[in-house]
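Basis for what follows: all heavy atoms, side chains included, without hydrogens, waters or symmetry-related copies. All figures in this text were calculated on a predicted structure; none of them were measured in a lab. Letters A, B, ... are given to chains in the order of the sequence lines, protein chains preceding strands, and every chain is numbered from 1.
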Amino acid sequence: MPFNWLYLRKFILITLGLVLMVFAGVSFYESRHLKEPVVLSQGVTQVKKLSDYFRGIRGTINDSNIYILEGVKPGGTILILGGTHPEEPGSRLTTWILAENAEVDQGRVFVINSANRSATTVTRLGGGYPPDFTIPTPWGGQKFRMGDRWSNPLDQWPDPEAYIHYPSRQELAYVDIRNLNRTWPGRANGTLTEKTCYALIQLIRKEKVDIVIDLHEAELQYPVISTIVAHEKGQDLAALASMMISGTEGFSIGMEYSPPALHGLSHREIGDHTQAISLLLEAPEPFLDATRGRTDRELLLEGKDEFVVKAGKHGLLFEKMDENGWPVEVRVGRHCSTILQILELWSEENPGKSVMVKGVPRYAEVIEKGIGNFLHDPAKADSKRIYYE
Amino acid sequence: MIITILYYLLTAYISFLIVWNLLKRKKWQEEILYIIILMPFLLRLFRLK
């Protein structure tokens, strides 16, 4: 081949490569910068930033919004964390419903939709995840970032060869140094993810939070599923909530003890390092199962997958799975009802620290009406009541 | 922060080596291979992924 043809071929191939890279790059950029509106409920009385509790997080991507709902009567304080693992969308969608619909008669409710905002801006590397998903609403639809389990490497990189958890010195998986649920209680001079946990711990201490509820979803092949994981301080509350829900709400939820020797998790470290009771809720999400088929938006939202069903027939699952799957409405409805039940039981047992919430749909109502019916149209809302995640 | 900057410098250096090798290849299959390998390095260098 003549010399000039060789270089022409290289030029064409490099140009094709650059075109591919630009298309991919634009997709990644748009996904990272997608704005997710939150139309504040009338019950939201203040919006703070995480950096109000720890200046070290100011100006970073994890300086998240904190939506504060205050009742006229004094009472207890509860913190609800969504987006610890953004690839579990039922968690963030539940906080959206709370921030856009809840009103508080007594006590205070703090809601964080994106506890690890960095992790909402990336999908699993090599996972073929959709970059976003849309929840249908009466006014069209609202688009959300898909997210990942770990902070975006663009915000925290590189990972160490070995991750030694602070302060326990326990060795955890190296990649979990970017996992918000492996870096509690955090440290002021640590990585971005550790600083985020540290800031949240300062919030919990300063605001004298009574209960922290960390919302999650799990694959069906993971034994900790459809359950409330409770620190010792919250075992009675969680057990009672489990019994009440299983008897009245139309679904079953278990209760598990937080392992004392497993460090870095919210249900362990928040309880150990602050005055708060720490609880973690898990709902089933087939999208996360290793044996799933095509990893697309449909699977994410409808939770139906023939391969996961087959895994169930082979006895490989810890939760039932049939052709009805686990739609996102079911998962979000479970979280809503479990939160409400925990608050009702807490308020009965602690009248001076009651947290009375209204306006939040329960399990059956979320399934019947859909999540989109509880999301408000930002085009029709007062611009001062719209915040972006 | 210093380690992060060093990693970005390493990424830039490896990207340069890949491009250098790409220009020296004679087989089109190898050229395509180098272009594919180069993409994640550039995406990280430009802070896109």
Side-chain angles (χ1 to χ4, degrees), chain A residues 1-3 5-33 56 59-61 118 121-129 131 145-146 148 150-161 177-178 189-193 195, chain B:
Chain A
M1 184 180 281
F3 183 76
W5 280 107
L6 181 72
Y7 275 86
L8 180 63
R9 188 183 70 202
K10 282 184 195 296
F11 175 77
I12 291 168
L13 288 177
I14 290 170
T15 305
L16 284 174
L18 284 173
V19 167
L20 274 177
M21 203 196 77
V22 167
F23 270 102
V26 166
S27 169
F28 296 143
Y29 182 88
E30 285 179 347
S31 175
R32 181 166 163 83
H33 295 90
T60 70
I61 195 164
S118 170
T121 65
V122 67
T123 55
R124 192 170 292 195
L125 305 180
Y129 281 17
R145 296 188 294 270
M146 169 63 216
D148 194 6
W150 297 281
S151 302
N152 193 332
L154 294 180
D155 304 312
Q156 185 183 317
W157 186 58
D159 294 334
E161 289 292 316
I177 199 161
R178 285 185 286 118
N189 61 349
T191 64
L192 175 70
T193 316
K195 283 180 182 174
Chain B
M1 190 59 176
I2 293 166
I3 295 171
T4 302
I5 292 167
L6 285 174
Y7 265 68
Y8 274 100
L9 290 174
L10 268 174
T11 307
Y13 178 61
I14 292 167
S15 302
F16 167 76
L17 290 181
I18 294 170
V19 172
W20 182 260
N21 278 284
L22 166 64
L23 295 175
K24 290 188 145 225
R25 293 302 102 185
K26 296 281 191 289
K27 293 181 184 170
W28 66 270
Q29 295 94 331
E30 290 181 353
E31 289 169 357
I32 290 175
L33 187 64
Y34 273 98
I35 288 168
I36 291 169
I37 292 167
L38 182 62
M39 276 190 206
F41 285 92
L42 293 183
L43 288 169
R44 178 58 53 89
L45 204 55
F46 297 141
R47 293 187 51 75
L48 290 167
K49 184 76 172 180

State the CG-CG distance between B:L45 and B:L9, to the nearest 0.5 angstrom.
9.0 Å
Beyond-backbone contact of B:I14 with B:I18, side-chain heavy atoms, under 4.5 angstrom:
yes
Which donor-acceptor pairs lie under 3.5 Å between chain B and chain A?
residue: B:T4; atom: OG1; partner: A:W157; partner atom: O; Å: 2.5
residue: B:L22; atom: O; partner: A:K10; partner atom: NZ; Å: 2.9
residue: B:L23; atom: O; partner: A:K10; partner atom: NZ; Å: 3.3
residue: B:R25; atom: O; partner: A:K10; partner atom: NZ; Å: 2.6
residue: B:K26; atom: O; partner: A:R9; partner atom: NH2; Å: 2.8
residue: B:E31; atom: OE1; partner: A:R9; partner atom: NE; Å: 3.1
residue: B:E31; atom: OE2; partner: A:R9; partner atom: NH2; Å: 3.0
residue: B:E31; atom: OE2; partner: A:K10; partner atom: NZ; Å: 2.7
residue: B:R47; atom: NH1; partner: A:L154; partner atom: O; Å: 2.8
residue: B:R47; atom: NH2; partner: A:L154; partner atom: O; Å: 3.0
residue: B:K49; atom: NZ; partner: A:T123; partner atom: OG1; Å: 3.3

What residues form a side-chain contact (heavy atoms from CB on, under 4.5 Å) with A:I12, not counting sequence neighbours?
A:L8, A:L16
Distance (rounded to the nearest 0.5 Å) between A:L18 CG and A:L13 CG:
11.0 Å
Pick one of side chain, backbone, both or neither for B:L38, based on which atoms fall under 4.5 Å of a heavy atom in chain A.
neither
Atom pair CD1/CG of A:I177 and A:L192 - distance to nearest 0.5 Å
11.0 Å
Rounded to the nearest 0.5 Å, how far apart are CG of A:L154 and CZ of B:F46?
13.0 Å
